[in-house]
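Per chain, numbering begins at 1; letters A, B, ... match sequence-line order.
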Amino acid sequence: MLQVAYIKQNTEEVKRKLAKKHFAETGLVDLIVAKDEERKSLTFRFDETKAKINAASKEIGGLMAKGQKEEAEGRKREVEALKAELQPVQQQLDEAEKAVHDLLIKLPNLPADAVPEGRTPADNEVVRTGGSKPELPAGAVPHWDLAKKYDLIDFELGNKITGSGFPVYKNRGARLQRALIQYFLDYNTAAGYTEFMPPLMVNEASAYGTGQLPDKEGQMYHATADNLYLIPTAEVPVTNIYRDTILKEAELPVKMTAYTPCFRREAGSYGKDVRGLNRLHQFDKVEIVQLVAAERSYEVLEEMVVHVEKLVQSLGLPYRILRLCGGDMGFASALTYDFEVYSAAQEKWLEISSVSNFESFQANRMKIRYKNNDGKTQLAHSLNGSSLALPRILACLLENNQTENGILLPPALQPYFGGEMI
RNA sequence: GGAAAGGUGCCAGAGCGGUCGAAUGGGACGGUCUCGAAAACCGUUGUAUGGGCAACUGUACCGAGGGUUCGAAUCCCUCCCUUUCCGCCA
């Protein structure tokens, strides 16, 4: 959520930046400014009247103590009148506050200057590429065939137990998942991230905090009997650890990592790219989250990108890093880098990580603040990224490393898996 | 699921319906002392939002939302949550 004060001071800039994100309703900006002015003057009137009432009530206390009953009664009638006067003001004030808030949460975060212009994924900017596309042996097949051939994943069984998009990993497929999770977590903790195992269900306040609610409600599985949501990413419970807290600047940066399954209803998913592991309702992911001082967030973003990049490199996968254009970015993000790896048999780039700086957008919703060294309290900046999402990594590992004798695992993974080949 | 208790500041923990933003203790921070540290002593230790150049000051906030009252942390109602005991159970 953007800060009203910022919007009021930089109205034109806000509109221009929203346009870059292809946010259509820039008229909301003027509405917010107007509503907030209304809120402010109502607040003034409310406070003024309330101050009179409080003062009079105090006097009544004194008069009663001295036994001056008639005087007290007189003051009481005055207060009654003031209260009648206050009542409609209070009502209007409540409405104005709610209106400002309801408008504010409709605005997406502003894109950073580095964000490329553009509307669709085709406009994303390739920042770097690495690795090289492998020469596949004759008769190379996509991962869903390999998964069957080596008995690693049973998609049909998942259909039976739950439904499509819930694969069952088995044998060395399950073992490889475990190895990847362990490897990713070790890699992250070695870089100073503290490991968490958070709840996989969150309450409304948490889902609101990271921006899943109110707009993206359809994306989450909702346990209505208890009003809890299955997490679409570890970002939700992990970032919410610090909801409503004021840190000391010395405590920053807060670096957290967590492995969790992620659940996505993907309500609006188009029937494309859904084969095999490409798009699932439940998948595993290791996430990294940082809370940092405002001045440092872009520096940290680059650090996180390099961190993820080295991890991808260690898996020996061909990859590219994209800077997302205004139209393709997420609602809450100010700058996002997507990582894609090349799935050689499908001949497709698959997104396996998204690293974003949210600046103070999430922190403002969650009230994550820090007291800086001058003693001033301000909003922290939050960042997160996948490090990494498992299914598509698995798909690439299988496809890119297939040989006639089996699948050769990258050296970094072998000790975790306990073998070289599948 | 049944029964009971309770939700107050960073934590613990007081709080006859009026002067309570809230005692006290601990912690943290600053200072005195010290070669340095500990101890001791002194001081500081809210958030949000208005007004003011500032000093300062108004308002709101004691789980959330309503209500009673001139006045609510204190009384009433609803909801949420926590703890303990019983039941069930990995």
>> Please identify which of these residues, A:K348, A:R392, A:H143, A:E399, meets the side chain to side chain donor-acceptor pair (under 3.5 Å) condition with A:S343.
In response: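 When side chain to side chain donor-acceptor pair (under 3.5 Å) is applied between A:S343 and each of A:K348, A:R392, A:H143, A:E399, only A:E399 qualifies.
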
Does [N] have its OP1 or OP2 closer than 4.0 Å to a side-chain nitrogen or oxygen of [X]?
X      : N     : answer
A:R39  : B:U49 : no
A:R45  : B:G50 : no
A:K371 : B:U47 : yes
A:N54  : B:U59 : yes
A:K40  : B:G51 : yes
A:T377 : B:U47 : yes
A:N203 : B:C81 : no

>> Can you classify the ring geometry of A:Y193 versus A:H307 as parallel (below 30°), tilted (30 to 60°) or perpendicular (above 60°)?
In response: tilted

For the pair made of [atom1] in [X] and [atom2] in [N], what is the distance, rounded to whole Å?
X      : N     : atom1 : atom2 : answer
A:L42  : B:G58 : CG    : P     : 22 Å
A:L228 : B:C80 : CG    : C1'   : 12 Å
A:D36  : B:A48 : CG    : C1'   : 14 Å

> Do A:D284 and A:Q177 have side-chain N/O donor and acceptor atoms under 3.5 Å apart?
Replying inline: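 Per modelled atom types, A:D284 and A:Q177 side chains form a pair under 3.5 Å.
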
> Between B:C70, B:U47, B:U59, which one does the side chain of A:K50 approach most closely?
Replying inline: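 Nearest to the side-chain atoms of A:K50, counting from C-beta on, is B:U59.
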
